[in-house]
Each structure stands twice: as structure tokens, then as C-alpha cells.
There are 2 protein chains.
Amino acid sequence: MNSNAKEEILAAGRRMAQAHGYGGLNFRDLALDVGIKHASIYYHFPTKADLGAAVARRYWEDTAAALDAISADISDPLDCLRLYPDTFRQALKNSNRICLCSFMAAEYDDLPEQVRAEIKTFADVNVAWLSRMLAAGGAVEDKAVDQRARAIFAAIAGAQLIARSRADIAVYDTLIEGYRAAGLLPR
Amino acid sequence: MNSNAKEEILAAGRRMAQAHGYGGLNFRDLALDVGIKHASIYYHFPTKADLGAAVARRYWEDTAAALDAISADISDPLDCLRLYPDTFRQALKNSNRICLCSFMAAEYDDLPEQVRAEIKTFADVNVAWLSRMLAAGGAVEDKAVDQRARAIFAAIAGAQLIARSRADIAVYDTLIEGYRAAGLLPR
DNA sequence: ACCTGAACACCGTTCAAGT
DNA sequence: ACCTGAACACCGTTCAAGT
């Protein structure tokens with residue numbers, strides 16, 4: 001267990017931050033979840049800022065891997081784009097959680113600089129992947145690709161946020177369908 | 001001053017909640033801002049839940065009034081829709097704050113039921129106004145009006161959230177322009 | 001190397017008591 | 001009616017001590 005502790009802290013920290021944010025991430029509940037004493041967490045992460053940054057970094061690393069897996073498995077970039085909303089849907093399915101970085105975006109004022117840097121990278125990773133799919137799919141003019149990628153990312157983050165506030169995943173599905181109907185997302 | 005205290009608490013509470021959320025709304029800083037002792041706030045609002053609900057209620061009441069003023073002043077519903085993103089832009093302009101209800105949507109898990117009810121009403125107020133404008137504008141099929149109204153509301157909330165995470169209002173403007181280019185918002 | 005008990009300082013929250 | 005002092009509870013952090 002001891003060699004796994006760091007990984008378990010990261011996993012539990014991610015779950016906690018996706019439900020309660022950086023402010024709601026606390027060493028005592030985290031320790032309870034992992035099954036160690038709260039002081040022990042400081043052995044692995046010297047400060048809360050370090051923990052938050054590590055959790056956010058692991059989060060975008062996992063997201064980048066998941067997106068790459070999609071585009072490696074599926075040859076049609078438009079099919080990849082059609083699957084993209086599902087990556088955000090999974091957080092809602094997991095006890096009405098949201099994207100860690102959306103939550104932390106709201107908490108921007110209270111975030112240590114190192115944490116801010118990681119959530120910026122999360123957005124960059126998503127926009128870069130969307131841009132690649134859009135460019136390869138050819139459904140959008142070249143000069144509009146970046147703008148459209150950013151619009152999709154922001155709109156989907158918003159849909160997830162609003163769906164959470166109703167604790168109803170059907171709200172998310174309806175919003176995504178609305179984006180498709182409006183032409184923001186490919187059919 | 002004492003008869004104004006309640007109003008000043010509401011105003012300061014709104015500012016604080018738009019920057020730090022319900023979790024970051026705290027009686028000590030609030031009291032410092034208003035100029036009374038922190039325990040005094042409990043005379044006006046028995047619990048934090050009461051304060052949060054009152055702040056959120058006042059927030060949607062103010063928003064409803066502002067939206068009604070727009071649609072009363074401007075006869076063309078499409079012009080009203082063109083102005084809608086500006087209501088969310090103002091929060092960002094005000095020290096990179098966001099919509100109180102977006103922040104609280106993220107905090108859903110930790111919200112008292114009475115606060116949840118108020119942020120639900122905020123969304124309802126916005127969607128109802130957008131639906132009226134869309135229906136009157138005739139730019140969207142009747143049966144798609146509600147879906148489009150919800151999509152616009154969620155997408156704009158998302159744009160505001162992402163712009164905050166960059167502390168850059170130009171990001172918001174670009175995202176809104178992206179929504180227009182994609183056909184989600186009227187040109 | 002990895003973990004723990006105990007303590008500290010700070011701050012949000014509460015409530016009985018003041019005027 | 002309106003406000004306050006003082007206590008309580010919690011949390012991030014530290015550190016000497018355990019295995």
C-alpha cells in the first residue's frame with residue numbers, strides 16, 4: 001500500500017476536486033478516503049498548492065491520452081468530434097461531477113499560480129485536439145478552425161456546468177443536441 | 001447606517017460570491033467590507049444558507065429587471081439577442097468576476113437546498129427571456145426555440161468561465177464571435 | 001522510506017449576552 | 001431592534017517520533 005499511496009492520493013484528490021473544487025479539497029477527508037493519516041499526505045505533497053497542481057497535471061495528462069486514443073482508434077476526424085462531448089459526459093455520469101478545470105476556472109481568484117498553469121494547459125490540450133480534428137475534417141474554413149475549437153470547448157464546459165446545477169444528465173444531452181442543431185457541432 | 005446594513009451585506013455578498021463562490025463567501029471579510037462586526041451579520045441572516053439564498057435571489061431579480069429593461073427599450077428582438085452577451089461581459093469587466101449562478105452551479109454538491117432553488121430560477125429567467133426573443137425574432141423554428149435558448153445560455157456561461165480562467169476579457173469576446181460565426185447566436 | 005500523534009495558528013460559525 | 005464577545009469547530013501546516 002505504501003508505494004501506492006501517492007497514486008491513491010492523486011486519484012482521490014481528483015474525485016474530490018471534481019465535486020468540491022480546489023477550495024473543497026482538504027487533507028483530512030482525503031486521508032480518510034485513502035486510509036492514511038492526514039499528516040502523511042505532506043510526505044508526498046509538501047503543500048496544498050503542490051497537491052492541487054499535481055492533481056490538475058495528472059488530469060490533463062489523462063485527458064490528453066484519452067483524446068489521443070480516440071483519434072488513434074477512429075480514422076474519421078468528424079467521428080472523433082462527434083465523440084468529444086462524451087468525454088465531458090462521463091464526469092456527470094460519475095456522481096454528477098464536472099471537469100476539474102471548469103471548477104478551478106471558477107475558483108481562479110483563489111488559485112496558486114502553479115495550479116493556474118495546469119488548468120491553462122488542460123484547455124490548450126483540448127483546443128489543440130479539437131483544432132486538429134476540425135482541420136482534418138475540413139468542415140470549417142482553415143482560418144476559422146482555432147476560433148471554432150475554442151467555441152466548442154467553452155460551450156461544452158458550459159453545458160456540463162448547467163447540467164450539474166440540475167443534477168440531470170439529460171440536460172447535458174439536450175444542450176449538446178442544441179449545439180448540433182445550431183451548427184456549432186457536427187451532426 | 002444600521003437600516004442600510006442588510007442592503008450593504010447583500011451587495012458585498014454578491015461581489016464576494018461572484019469572485020469566490022458560496023464556499024468563499026465568508027462572514028469575516030464581509031463584515032470588514034460592510035464595516036460591522038462579523039457576528040452582526042447573523043442578526044440579518046440567521047445562517048449562511050439564508051444569506052446565500054438571499055444573495056442569489058436578489059441576483060436573479062436584478063437580472064430579470066435588466067433583461068426586461070433591454071426588451072422594453074429595444075423593439076427588435078434580434079437586437080436584444082445581440083445585446084445579451086454583454087450582460088455576462090459586465091461581470092468579467094468587474095474585476096474578472098463571473099455569474100454568481102455559474103460559480104454556484106460548480107458548487108452544487110455543497111449548496112443548501114434553498115440556494116439551489118434560487119440558481120435554478122436564475123437559469124429559468126434567462127432561458128425564458130431568450131425564448132421570448134427568439135420566438136419574436138423568428139430566426140429559429142418554433143419547436144426549436146426552447147432548445148436554442150438553453151444552448152445560448154449554457155454556451156455563454158461557458159465562455160465567461162473560460163475567459164475568467166485566462167483573466168482576459170478578449171477571450172470572452174472571441175468566444176462570442178465564434179458562437180456567432182457558428183450560427184449559435186444571431187449576427 | 002514512509003507514516004503518525006500531537007500541537008499550533010488561523011478563521012468560519014454560533015449563540016448567549018449586551019445596549 | 002441591532003450589535004458584540006467569546007467560545008467552538010475545522011483545516012492547513014509543522015515536527016519530533018515511530019517503524
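Chain letters run A, B, ... following the sequence lines, proteins first, then strands; residues in each count from 1. A quick note: this is a predicted structure, and the numbers were derived from the prediction, not measured. Every heavy atom of this structure was used, including side-chain atoms; hydrogens, water molecules and symmetry mates were not.
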Base-pair string, DNA chain D, Watson-Crick plus G-U, cut-off 3.5 Å on both distances, | for inter-strand, is ||.|||||...|||||.||

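Between the side chains of A:Asp50 and A:Thr47, at least one donor-acceptor pair of N or O atoms lies under 3.5 Å. A:His20 and B:Asp109 form no side-chain donor-acceptor contact under 3.5 Å, judged by distance and modelled atom types alone. Judged purely by distance below 3.5 Å, without hydrogens or angles, the side chains of A:Gln160 and A:Arg164 never pair a donor atom with an acceptor atom.
Within 6.0 Å of atom CD in B:Glu141, 12 or fewer heavy atoms from other residues, nucleotides or ligands are found, so the atom counts as exposed in its surroundings.
The CZ atom of A:Arg187 sits 7.5 Å away from the CZ atom of A:Arg180 when rounded to the nearest 0.5 Å.
Atom C1' of nucleotide C:dC11 and atom CD1 of B:Ile41 are separated by 14 Å, given to the nearest angstrom. The NZ atom of B:Lys37 sits 17 Å away from the P atom of D:dA7 (whole-angstrom rounding). When the C1' atom of C:dC3 is taken as reference, atom CZ of A:Phe45 falls 15 Å away, rounded to whole Å. Atom C1' of nucleotide D:dC11 and atom CE of A:Met16 are separated by 13 Å, given to the nearest angstrom. Distance A:Ile36 CD1 to C:dA1 P: 17 Å, rounded to the nearest Å. Computed from coordinates, the A:Leu30 CG to D:dC10 C1' distance equals 16 Å when rounded to whole Å. Put simply, OH on B:Tyr43 is 13 Å from P on D:dT4, counting in whole angstrom units. Taking atom NE2 of residue B:His44 and atom P of nucleotide D:dA1, one finds them 12 Å apart after rounding to whole Å.
The salt bridge (charged side-chain N to carboxylate O under 4.0 Å, His left out) search around B:Asp76 returns none, not counting sequence neighbours.
Under the 4.5 Å side-chain heavy-atom criterion for ILVMFWY residues, no single connected hydrophobic cluster contains both B:Leu100 and A:Tyr108.
In this structure, the ring of B:Phe88 has its center no less than 6.0 angstrom from the ring center of B:Tyr172. Taking the centre of each ring, B:Tyr59 and B:Phe122 come in below the 6.0 Å mark.
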Summarise how protein sits on nucleotides 13-19 of chain C as a single string, 5' to 3': B when a protein heavy atom is under 4.0 Å from the base, S for sugar-phosphate-only contact, - for no contact.
BBB----

